[in-house]
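In this chain, residues are counted from 1 in sequence order.
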Amino acid sequence: MSKGHHLSEIIDALTALSGKLVPESFIYEFLASFGISKSIISRLKSGNINMAKKPGCTLLKDKIYFEPLKPKTTTPAQALATAKADAKIKASKPRFLIATDFKTLAAFDTKKGETEEFPIADLHEHYTFFLPLAGMEKTVFQAEAEADVKAAEHMAKLYDLIRADNPPKTKEDRHALNVFLTRLLFCYFAEDTGIFPEKAFISALEGYTQGDGSDVAEFLRDLFLHLNTDHARAKTKPKEHFKDFKYVNGGLFNDTDTRHSAIPEFSAKSRQKLIELGKKSWKEINPDIFGSMFQGVVDDEKRAELGMHYTSVPNIMKVIKPLFLDDLYEELSKAKGSETKLKKLLARLYKLRIFDPACGSGNFLIIAYKELRRLEMAVFRELDALDKQGSLRLPGIHVSQFYGIELDDFAHEVAILALWLAEHQMNLEFKAAFGNAPASLPLKDGANIVRGDATQLDWQKVCNPVEGSEIFIIGNPPYSGARKQTPEQKESVRRCFGNAPEHKDADLISCWFLKGALFVSACPAQLAFVTTNSICQGDHVAILWPRILNVGVEIGFTYPSFKWTNNAKGAAAVTCAIIGLRKVLPKDKWLYSHDLKTRVENINPYLANGPDLIVGKRRIPVSPRPEAVMGSMARDGGHLILERAERDDLLSAYPESAPLIRSLAGADEFFNGKKRWCLWISNTQLKLALSIPPIAARIRKVEQFRLDSAANTTNGYATIPHQFAQRAHVDGHSFIIPSVSPEKRKYLPIGLLDSDTIITNLALTVYNADLWLLALISSRMHMVWVRTVAGRLGAEGVRYSTTICYNTFPFPTLSDEQKSNLVHLAENVLNEREKHFPKSPAWLYDPENMPVGLLESHQALDVAVEKCYRGKPFTSDDERLEYLFALYEKMTAEETA
């Protein structure tokens, strides 16, 4: 196999290419990375098969169009847009369009319609996007339909008109309106999908009601009562204009004549909207997606973000495929040609139970139901190939195998309805394949959706394990950090943690993981949840994961970190993880990344390949090194801090104040190149300070601020109003480590400051350390460790702490020669920064701006740091992390011994 066809070779080649860019040869080396033959590349270089008309560009038929850009001419995104519209380029049908200014690369996949734009230095991290050049395709998941979002928006307009005429005053009123909307949705769907005669509902509504809407409520009440009545069994005659509507049953139209299911009154305007909606096509609606869209219709708080936070079909597939679907299809593959094995697989399918303990409008359950029905159909096709007599096939998977818990009243109603609609859709699919299907009406028993609080209910009573059953728990439970939880949510977390002190810092989703782990340990069950990845970062690992691992449960697979969006307006882009739990078993474990999966030895609570260890807070470093501390904290009400104009005015009027003024640097000042100063007054300088009126006034204000504080500790510092409350500063040079660093940065920028600069409590610092330490904590090895174990501060980035990040970072004992080499390389990094003064670290370390010289100095430093760990180079961050975890485990074990 030619070079580049193996994934490891592709990654290695792209890593080398992005590390040393030569614009003239870039495209040829890029193509070679994916196994394009030398003969083709040679002919491309000579121009024989280069079909590009534009000088400097490359166009290889069916493969690629490449356009290198000169600096400050046009952006890669703009060049890409021009290439997309070029008819001559289209005629050659290139799979990829690529444009780059050799800082940023933009690429478009013409087959999938997907675009990626990223720093060219990260090219190797985006290898999966270009795998089709090597004859490999990424896993493709079904995308959600935009029609579902549009339909929900139309329904929202109707809801607003109805609510204006019927303002809900009580909880019962709101429930009645919720029930009415689910019934209305069923009627729209039924008349477009063959449950009712085509457009029967809307035709009857339009033909048998007055234009002013005055009798619409009466018409709907009579129709709903008719749909709830089995006239054949009751031996009653239906009204003439309802004779085309069959008995529905299933509880959907129960209690139509009670207050709990009251029909709202209609105006001429709302009647017209009702009819307009009915004339739209509803057969393309996906119940799995529309249910979540529909939820936003009746929730004022969610309306502005209609559909923002539902879990899309592709992400649901990321849960159910590795949890159970892939295994079932593998069993089908092995069963082909054997009637006994195929029937055994069917028996297994009919004993499955799918349980979502935070089911919302049921989208996880519906997708799982549809996929299992399609699998059953695949089994039937294999049986039909063996059965020459052609047995009658009827589906044996029922919605009664699906269980859920949902707290919200309306979502609970929609989930039950949506599963019925999904059942009908699959029956139509079944009929198209096998020529027959169960009758759509009357509806059979529905799904087992319980309304209640999943954190308090006994899950085994909701989904009771029976002999021979397999239970798969799925879902996207709610997550909310400790500071954002309502009092009710805090109480739920307290209960799930058994009142242990750490419950105060736990995310709400911890409740589902704790209850789920106990369920899995006690029952024939496995679990997979979409979750905030914060439960696998920072302090939260120690809060949650020992409780899970200690009940005999392990992580069987994971998608460590990904973002999801959907077609809704203002769709959320949330960083999530998917975590699968199972009993401890000697079975393969899988780590998914970029839709590729890798078999690993173990998946630890940080969702990395490594031992099940918890990197808890440490007061002292695990490897010998100088102490890192938090900077100095003022607690001064801002009165000891000086902006530039304030400093200049003070020095101009009172030159003798110069010894009392120091530069000030926190994370923001250092990272973004901002300048501020502070009053730094020793006790021996106090007399001088008080002799300068503006400074004396500031000292009095500090004293008053501290006396007025509600915190007793702050009150105590009123005795030293001329000084910072907490003073960490030590004379001599210092390293400044920003307390927050943006996620996209490849390196953690560490600053070297002089003795006159005071570092604030918004950064960490190491005083008077040798530069070999700066080299170590500036390295890629350190950043890989920090990204894994550190917490996150919202969308701002990685939160660096002494106890979790600095003190836990393992590195081996260094020789004097190694230290000397690291000092030299750290100086090179600092010198490269100086060449670009006054550019800030924020600019210098932005992947789109990072100067080539600075990047190369860091890469040289990385090579030296990694050689301190082992002679063999690391090939990926996963390999680096695996080594670091093993070293940390070894060091802590030796420390304990």
Original post:
Under the criterion side chain to side chain contact (heavy atoms under 4.5 Å, CB included), which of F364, F402, W459 is the partner of F355?
Top reply: W459
**OP:** Assess the side chains of N427 and R373: does a donor N or O sit below 3.5 Å from an acceptor N or O?
**Re:** yes
Subject >> Side chain R353, main chain N464, donor-acceptor under 3.5 Å >> reply: yes
Original post:
Do any N or O atoms from the side chain of W282 and from the backbone of L277 form a donor-acceptor pair under 3.5 angstrom?
Top reply: yes
Original post:
Roughly how far, to the nearest 0.5 Å, is CH2 of W512 from CZ of F529?
Top reply: 8.5 Å
**OP:** Give a yes or no answer on whether the side chain of N228 reaches the backbone of V248 with a donor-acceptor pair at less than 3.5 Å.
**Re:** no
Subject >> N-O pairing of K93 and D62 below 4.0 Å >> reply: no
Original post:
Does anything in residues 194-203 pair up under side-chain hydrogen bond (donor to acceptor under 3.5 Å, both in side chains), and if so which pairs, sequence neighbours excluded?
Top reply: D192-K199
Original post:
In terms of side-chain geometry, is the basic nitrogen of R348 or D327 positioned less than 4.0 Å from the acidic oxygen of its partner?
Top reply: yes
Original post:
Atom CG of D384 and atom CE of M377: how far apart are they, to the nearest 0.5 Å?
Top reply: 11.0 Å
Original post:
Any side-chain heavy-atom pair from L328 and L352 closer than 4.5 angstrom?
Top reply: yes
Subject >> Ion pair E331/K334, N-O distance below 4.0 Å >> reply: no
**OP:** Could you tell me how the ring of F186 sits relative to the ring of F253: parallel (under 30°), tilted (30 to 60°) or perpendicular (over 60°)?
**Re:** perpendicular
**OP:** Flag this pair as yes if the NZ/CZ of K597 is under 6.0 angstrom from the six-membered ring centre of F557 and inside a 45 degree cone about the axis; otherwise no.
**Re:** no
Original post:
Could you give the distance from NZ (K90) to CG (L97), rounded to the nearest 0.5 Å?
Top reply: 10.0 Å
Subject >> Between Y350 and Q401, a side-chain donor and acceptor under 3.5 Å >> reply: no
Subject >> Parallel, tilted or perpendicular: ring planes of F434 versus F430, cut at 30 and 60 degrees >> reply: tilted
Original post:
So do L349 and I397 actually touch side chain to side chain, heavy atoms under 4.5 Å?
Top reply: yes
Subject >> Sub-4.5 Å side-chain heavy-atom contact between L383 and L346 >> reply: yes
Original post:
Do the rings of F201 and Y188 sit parallel, tilted or perpendicular, given the 30° and 60° boundaries?
Top reply: perpendicular
Subject >> pair K111-P132: side-chain heavy atoms closer than 4.5 Å >> reply: no
**OP:** For the residue pair F472 and F324, categorise the inter-ring angle as parallel (less than 30°), tilted (30 to 60°) or perpendicular (more than 60°).
**Re:** tilted
Original post:
What distance do Y127 atom OH and I10 atom CD1 have between them, rounded to the nearest 0.5 Å?
Top reply: 8.5 Å
Original post:
Are more than 12 heavy atoms from other residues, nucleotides or ligands located less than 6.0 Å from atom NZ of K341?
Top reply: no
Original post:
If you count the non-hydrogen atoms of other residues, nucleotides and ligands that lie under 6.0 Å from NZ in K246, is the total more than 12?
Top reply: no
Subject >> Partner set under salt bridge (charged side-chain N to carboxylate O under 4.0 Å, His left out) for R582, not counting sequence neighbours >> reply: E554
Original post:
Do side-chain atoms of E382 reach the backbone of L332 as a donor and acceptor pair under 3.5 angstrom?
Top reply: no
**OP:** For H424 and T193, indicate whether the former's side chain and the latter's backbone hold a donor-acceptor pair under 3.5 Å.
**Re:** yes
Original post:
How about K84: does its NZ atom have over 12 heavy atoms from other parts shown lying under 6.0 Å from it?
Top reply: yes
Subject >> Side-chain donor/acceptor of S361 to backbone N/O of A415, under 3.5 Å >> reply: no
